[in-house]
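One structure is given here, and the rest of the page talks about it.
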Amino acid sequence: VQLQASGGGLVQAGGSLRLSCAASGRTFRNYNAGWFRQAPGKERQFVASIRWSGGSTYYADSVKGRFTISRDNTKNTVYLQMNSLKPEDTAVYYCAADAAGWGRVWNNYAYWGQGTLVTVSS
């Protein structure tokens with residue numbers, strides 16, 4: 001599976017962005033997916049994950065109620081809608097996928113996209 005993340009940019013605090021992760025190469029509808037982020041000088045951090053069917057989602061406490069993960073398997077794409085953005089959300093956001101693994105542990109995922117930068121100004 002090849003993953004291509006997009007949609008990052010510069011936004012003011014309180015604003016919104018939607019990230020997309022387009023997949024190709026295999027039957028993406030069979031893969032669980034997740035979003036992680038990494039700020040400069042910090043460790044990679046779990047953001048959200050979604051089962052292959054879209055039936056189950058899981059969020060980090062820091063984004064719960066503000067971010068929504070979803071997927072459109074007809075378009076082989078996973079989304080991360082980010083609302084009420086805060087400066088501490090500034091990071092490079094990565095999408096990930098795996099046929100079996102999911103959840104908050106980054107090494108549950110075998111496939112990773114290249115990352116898209118989100119910058120939230122105060």
Side-chain angles (χ1 to χ4, degrees):
V1 173
Q2 290 81 46
L3 303 174
Q4 179 76 35
S6 62
L10 174 64
V11 64
Q12 288 189 331
S16 298
L17 281 175
R18 189 177 79 156
L19 305 184
S20 299
C21 177
S24 62
R26 294 194 180 184
T27 309
F28 185 62
R29 67 174 66 89
N30 296 331
Y31 285 71
N32 303 319
W35 287 95
F36 290 74
R37 65 187 182 187
Q38 189 164 18
K42 295 190 177 181
E43 294 185 351
R44 190 172 350 189
Q45 179 184 44
F46 169 73
V47 177
S49 61
I50 188 167
R51 288 285 196 181
W52 63 271
S53 65
S56 294
T57 57
Y58 181 38
Y59 296 91
D61 288 344
S62 59
V63 307
K64 202 173 295 182
R66 300 188 298 123
F67 291 10
T68 302
I69 188 171
S70 62
R71 65 191 300 160
D72 185 343
N73 286 339
T74 66
K75 297 181 179 179
N76 287 343
T77 302
V78 174
Y79 303 98
L80 185 69
Q81 178 67 45
M82 305 187 296
N83 299 329
S84 302
L85 283 161
K86 305 175 181 179
E88 51 264 44
D89 294 318
T90 295
V92 176
Y93 283 71
Y94 298 91
C95 60
D98 196 88
W102 89 303
R104 66 182 307 116
V105 179
W106 68 269
N107 60 7
N108 284 349
Y109 300 85
Y111 303 98
W112 290 82
Q114 85 292 357
T116 185
L117 177 62
V118 172
T119 304
V120 184
S121 63
S122 57

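Computed from a predicted model, the values in this text were never measured in an experiment. Note that the numbering runs from 1 along the sequence shown for the chain.
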Beyond-backbone contact of [X] with [Y], side-chain heavy atoms, under 4.5 angstrom:
X: Gln114; Y: Gln4; result: yes
X: Tyr59; Y: Thr68; result: yes
X: Trp52; Y: Tyr31; result: no

Starting from [Y], can I reach [X] by hopping between I/L/V/M/F/W/Y residues whose side chains sit under 4.5 Å apart?
X: Tyr58; Y: Ile69; value: no
X: Trp112; Y: Phe46; value: yes
X: Trp106; Y: Val63; value: no
X: Leu17; Y: Tyr79; value: no

How close do [X] and [Y] get, heavy atom to heavy atom, and via which atoms?
X: Gly103; Y: Phe36; answer: O-CZ, 4.0 Å
X: Trp102; Y: Ser56; answer: CZ3-O, 3.8 Å
X: Lys75; Y: Thr77; answer: O-OG1, 2.8 Å
X: Leu80; Y: Ala48; answer: CD1-CB, 4.2 Å
X: Trp35; Y: Cys21; answer: CZ2-CB, 3.6 Å
X: Ala33; Y: Phe28; answer: CB-CZ, 4.2 Å

Could you state the interatomic distance from [atom1] ([X]) to [atom2] ([Y]), rounded to the nearest 0.5 Å?
X: Leu19; Y: Gln81; atom1: CG; atom2: CD; result: 9.0 Å
X: Phe67; Y: Ser62; atom1: CZ; atom2: OG; result: 7.5 Å
X: Ser24; Y: Asn76; atom1: OG; atom2: CG; result: 8.0 Å
X: Ser122; Y: Gln12; atom1: OG; atom2: CD; result: 9.5 Å
X: Tyr94; Y: Leu3; atom1: OH; atom2: CG; result: 13.5 Å

Hey, are Gln45 and Arg37 close enough side-chain-wise for a donor-acceptor pair under 3.5 Å?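 Checked: Arg37/Gln45 side chains pair up, N/O donor to acceptor below 3.5 Å.
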Sub-3.5 Å donor-acceptor pair from the side chain of [X] to the main-chain atoms of [Y], do we have one?
X: Asp98; Y: Asn32; value: no
X: Thr116; Y: Tyr93; value: no
X: Arg71; Y: Arg51; value: yes
X: Gln38; Y: Ala91; value: no

For the pair Asp89 and Lys86, find out whether any cationic side-chain nitrogen is under 4.0 Å from an anionic carboxylate oxygen.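 Looking at Asp89 and Lys86, the cut-off is not met.
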